Amino acid sequence: MPDYAEVNEYFQKRMEESRSVWAKRGKEARIAAYNQRLAEGPKTWRQMKGMPLIIHEIKHVGNRPFMWGFLTIALGTVYIQTKFTDEMRANSDYWQTFHGSGKPKAH
């Protein structure tokens with residue numbers, strides 16, 4: 001048979017839980033909860049912007065194949081750019097038009 005102190009403690013805990021639930025009801029409580037969510041910052045990906053959103057998307061399991069592809073293309077681009085010699089620049093119509101003298105080479 002439960003002791004009087006145990007029963008009393010149980011009902012005290014239940015009363016605290018009930019009071020916390022009652023405090024979360026009503027228009028004022030909803031406004032306070034909304035303001036608290038705004039103060040704590042974005043929690044879902046739909047509310048994120050900039051770098052936090054990019055980092056979140058990189059970490060997402062469904063985007064891993066895309067991110068591996070993106071990394072491969074980025075590293076390949078950096079590698080090719082470092083191997084682009086002055087001779088290649090001189091023979092490149094694109095380079096001469098947009099980065100060189102500004103005039104395309106005559107064919």
Side-chain angles (χ1 to χ4, degrees):
M1 179 121 196
D3 187 20
Y4 174 77
E6 290 178 29
V7 172
N8 196 16
E9 182 182 342
Y10 170 78
F11 281 118
Q12 290 293 333
K13 287 181 183 177
R14 289 286 300 184
M15 191 57 138
E16 289 174 20
E17 291 173 7
S18 295
R19 285 189 178 130
S20 69
V21 169
W22 295 335
K24 294 176 185 175
R25 294 182 179 164
K27 185 176 181 179
E28 295 82 16
R30 285 196 305 274
I31 292 171
Y34 176 75
N35 289 333
Q36 182 180 4
R37 273 195 309 273
L38 286 179
E40 290 176 356
K43 295 295 181 189
T44 68
W45 67 270
R46 292 176 186 259
Q47 297 167 327
M48 292 181 183
K49 296 178 183 175
M51 284 306 291
L53 177 61
I54 292 171
I55 299 299
H56 172 78
E57 289 297 328
I58 288 171
K59 290 180 181 178
H60 196 275
V61 175
N63 292 334
R64 283 195 184 146
F66 169 76
M67 292 313 302
W68 279 110
F70 187 80
L71 177 68
T72 302
I73 297 299
L75 291 177
T77 303
V78 169
Y79 175 76
I80 290 170
Q81 192 67 29
T82 60
K83 300 298 177 186
F84 200 56
T85 64
D86 289 334
E87 182 182 332
M88 291 177 178
R89 287 186 186 102
N91 293 332
S92 170
D93 290 336
Y94 174 83
W95 186 269
Q96 291 303 318
T97 302
F98 295 104
H99 303 287
S101 63
K103 298 176 185 174
K105 288 186 348 184
H107 290 275

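A quick note: this is a predicted structure, and the numbers were derived from the prediction, not measured. Here, residue 1 is the first one in the sequence, and each next residue gets the next number.
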For residues 14-23, dump all side-chain donor-acceptor pairs below 3.5 Å to protein atoms at least two apart in sequence or in another chain.
from, atom 1, to, atom 2, distance (Å)
Ser18, OG, Arg14, O, 3.0
Ser20, OG, Glu17, O, 2.7

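- Residues forming a side-chain hydrogen bond (donor to acceptor under 3.5 Å, both in side chains) with Glu40 (at least two apart in sequence, or on another chain): Gln36.
- Applying the ring-ring contact (aromatic ring centres under 6.0 Å, His included) test to every pair with at least one member in residues 69-90, sequence neighbours left out, gives these pairs: Phe84-Trp95.
- Residue Leu75 places its CG atom among more than 12 non-hydrogen atoms of other residues, nucleotides or ligands, all under 6.0 Å distant.
- For the salt bridge (Lys or Arg N to Asp or Glu O under 4.0 Å) condition, the pairs that include at least one residue of residues 70-90, sequence neighbours left out, are Asp86-Arg89.
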Contacts table for residues 52-69: side-chain donor-acceptor under 3.5 angstrom, sequence neighbours left out:
from, atom 1, to, atom 2, distance (Å)
Glu57, OE1, Asn63, ND2, 2.6
His60, ND1, Gly62, N, 3.1
Asn63, ND2, Glu57, O, 3.1

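- Shown here for Asp93 and Thr97, the closest heavy-atom pair between the two residues is O-OG1, 2.7 Å.
- Shown here are the side-chain hydrogen bond (donor to acceptor under 3.5 Å, both in side chains) partners of Thr44, two or more places apart in sequence or in another chain: Gln47.
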